[in-house]
Amino acid sequence: MLPWRAGAGERADPYRVLVSEVMLQQTVVKTVEPRFHMFVNRFPAVEALAAASVDEVLHAWQGLGYYRRARGLHRAAGEIVRNHGGHIPDDVETLEGLPGIGAYTARAIAAIAFNRPVVPVDGNVRRVLARLAAIDRPATKLAAPIAALARKLESDFRASDTAQALMELGALCCRPANPACGTCPWERCCRSRALGLETSLPRPPEKIRRPELFATAWLARRSDGAILFRRRPDEGLLGGLIELPSSPWCGTNAIVEPDFGTGFALLPGSVRHVFTHIRLEMRVMTGQCETHPDGFFHPPDGCSTLALPTLTRKLLRHAGLD
DNA sequence: CACCCGTGGTC
DNA sequence: TGACCAAGGGT
């Protein structure tokens with residue numbers, strides 16, 4: 001039983017279901033759990049979330065990745081308060097109209113929080129259904145037949161439990177590798193099992209290649225010890241988050257001197273970080289700086305109030321800070 | 001539709 | 001250590 005779910009005979013809090021489902025997008029339960037508790041403690045209801053600033057929400061989202069989700073959730077809260085009287089919509093169509101809520105999340109909220117007879121299809125359910133019906137198609141053409149099958153499974157019978165049970169079946173039994181078919185309630189009606197295809201379906205997608213990029217980060221400290229930071233653009237990678245100034249990320253591994261400050265020296269070693277589509281290696285230079293036109297200074301012991309991506313945390317740690 | 005968007009756990 | 005991958009959405 002997950003902490004944001006309703007117990008037996010209880011009714012799930014739709015706001016908590018909304019927050020948890022957005023956090024769970026491409027993020028495992030174990031990672032989400034502690035972050036969920038922090039988040040709903042800080043923003044206990046949709047009104048509190050809507051009233052918060054984007055920076056507060058990004059800070060609460062720190063380390064979870066896919067930071068666009070935090071912006072979408074914040075905007076969705078605003079729309080829910082403004083257009084829906086502070087009540088989370090209970091129908092798929094309205095939910096899908098909210099920012100950051102797509103086909104899966106809309107159905108997950110409708111089913112889990114409101115017991116609507118819909119079947120949310122996440123990665124687990126996609127795998128369960130692809131195997132059950134032995135749908136042998138490339139990953140890019142799986143969506144339509146899976147959605148059609150999911151519609152046929154819609155039922156008024158305990159829709160909330162059914163939705164969670166399907167996902168759990170995929171996570172615990174119908175696993176990507178080493179599926180535990182012997183314990184599966186659907187073993188005898190599974191087409192893949194009958195055909196001996198249970199481990200070869202669904203077909204794995206082509207693997208991605210990450211280009212390797214390099215950059216130099218500049219850790220500049222003012223005479224009072226404050227550190228120079230800058231804010232990234234709202235759109236794109238790590239949108240709106242705070243980082244150390246650095247050279248542009250490029251394909252050649254060269255140390256780049258800053259065009260500001262004084263006394264910069266290279267730290268030994270480097271920091272590696274892997275994004276969805278980029279592999280990055282950064283060197284760190286430390287030096288002094290008193291003013292900067294684009295950045296801002298922040299005391300080192302107050303970094304906990306900034307929305308720093310994990311890359312920046314690694315860089316600070318590499319320099320012996322944080 | 002292909003591509004963009006993070007991170008931490010696991011093997 | 002590296003590849004894989006997870007309760008996806010937006011463009």
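Just so it is clear: chains get the letters A, B, ... in the order the sequence lines come, proteins before strands, and each one is counted from 1.
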**Prompt:** Checking all strands, does A:Gly72 fall into the base, sugar-phosphate, or nothing category for heavy-atom contacts under 4.0 angstrom?
**Reply:** nothing
Closest of C:dA7, C:dA6, B:dT7 to the A:Leu238 side chain is B:dT7
Cationic N near anionic O, under 4.0 Å, A:Glu198 to A:Arg131: no
Whole-Å distance, A:Glu33 CD to B:dG9 P, equals 14 Å
request  = Please determine if A:Arg116 and A:Asp91 form a salt bridge, counting it only when a charged side-chain N lies under 4.0 Å from a carboxylate O.
outcome  = no
A:Trp61 atom CH2 is separated from B:dG6 atom C1', nearest whole Å, by 12 Å
Taken to the nearest whole Å, CZ/A:Arg69 to C1'/C:dA6 is 11 Å
Practice task
Using the C1' atoms only, state how far C:dG9 lies from B:dC1, rounded to an integer number of Å.
Solution key: 14 Å
message: With a 6.0 Å cut-off (strictly less than), is the heavy-atom count around CZ of A:Arg175, excluding the residue itself, greater than 12?
response: yes
Between NE2 of A:His277 and C1' of C:dG8 the distance, given in whole Å, is 14 Å
Exercise for the section: Could you check whether A:Arg71 gets within reach of a base, just the sugar-phosphate, or nothing at all, counting any heavy atom under 4.0 Å? Expected result: nothing
When rounded to whole Å, the CG to P distance for the pair A:Asp122 and C:dC5 reads 15 Å
When rounded to whole Å, the CG to C1' distance for the pair A:Leu172 and C:dA7 reads 12 Å
Side-chain contact check for A:His273: nearest option of B:dT7, C:dA7, B:dC5 is B:dT7
### Message
Measuring only the C1' atom in each nucleotide, how far is B:dC5 from C:dC5? A whole number of Å is fine.
### Response
15 Å
Any A:Thr310 side-chain nitrogen or oxygen under 4.0 Å from OP1 or OP2 of B:dG8 | yes
Does A:Tyr66 have a side-chain nitrogen or oxygen under 4.0 Å from the phosphate oxygens OP1 or OP2 of C:dA6?
-> no
*Cut-off 3.5 Å, side chains only: do A:Ser223 and A:Glu290 have a donor facing an acceptor?*
yes
Reckon A:Gln26 has a side-chain N or O less than 4.0 Å from the OP1 or OP2 of C:dA6?
no
Subject >> A:Glu281 versus A:Ser270, side-chain donor and acceptor atoms under 3.5 Å >> reply: yes
Worksheet item: Would you call A:Glu212 and A:Arg272 a salt bridge, taking side-chain N to carboxylate O under 4.0 Å as the test?
Response: yes
Winner on side-chain proximity to A:Met167, out of C:dA3, B:dT7, C:dA7, is C:dA7
Shortest non-hydrogen pair, A:Arg158 vs A:Asn115, comes out as C-OD1, 4.0 Å
In whole angstroms, the gap separating P of B:dC1 from CG of A:Leu142 amounts to 12 Å
Side-chain atoms of A:Thr140 come closest, of B:dT7, B:dC5, B:dA2, to B:dA2
I want to know whether A:Phe275 and A:His273 have ring centres closer than 6.0 Å. yes
Listed pairs, N/O of protein and of nucleotides 9-11 of chain C, under 3.5 Å:
| from | atom 1 | to | atom 2 | distance (Å) |
| --- | --- | --- | --- | --- |
| C:dG9 | OP1 | A:Gly102 | N | 2.9 |
| C:dG9 | OP1 | A:Thr105 | N | 2.9 |
| C:dG9 | OP1 | A:Thr105 | OG1 | 2.5 |
| C:dG9 | OP2 | A:Tyr104 | N | 3.3 |
| C:dG10 | OP1 | A:Gly100 | N | 2.6 |
| C:dG10 | O3' | A:Arg68 | NH1 | 3.2 |

**Message:** Would you measure the distance from the C1' atom in C:dT1 across to the matching atom in B:dG8 and give it in whole Å?
**Reply:** 15 Å
Which of C:dA6, B:dG8, C:dA7 is nearest the side chain of A:Pro176? It is C:dA6
Q | Sugar-phosphate, base or nothing in reach of A:Val274, heavy atoms under 4.0 Å | A | base
Here the distance between atom P of C:dG8 and atom CD of A:Glu21, to the nearest Å, is 9 Å
Result for 5'-nearest mapping on DNA chain B, choosing between A:Lys30 and A:Thr27, is A:Thr27
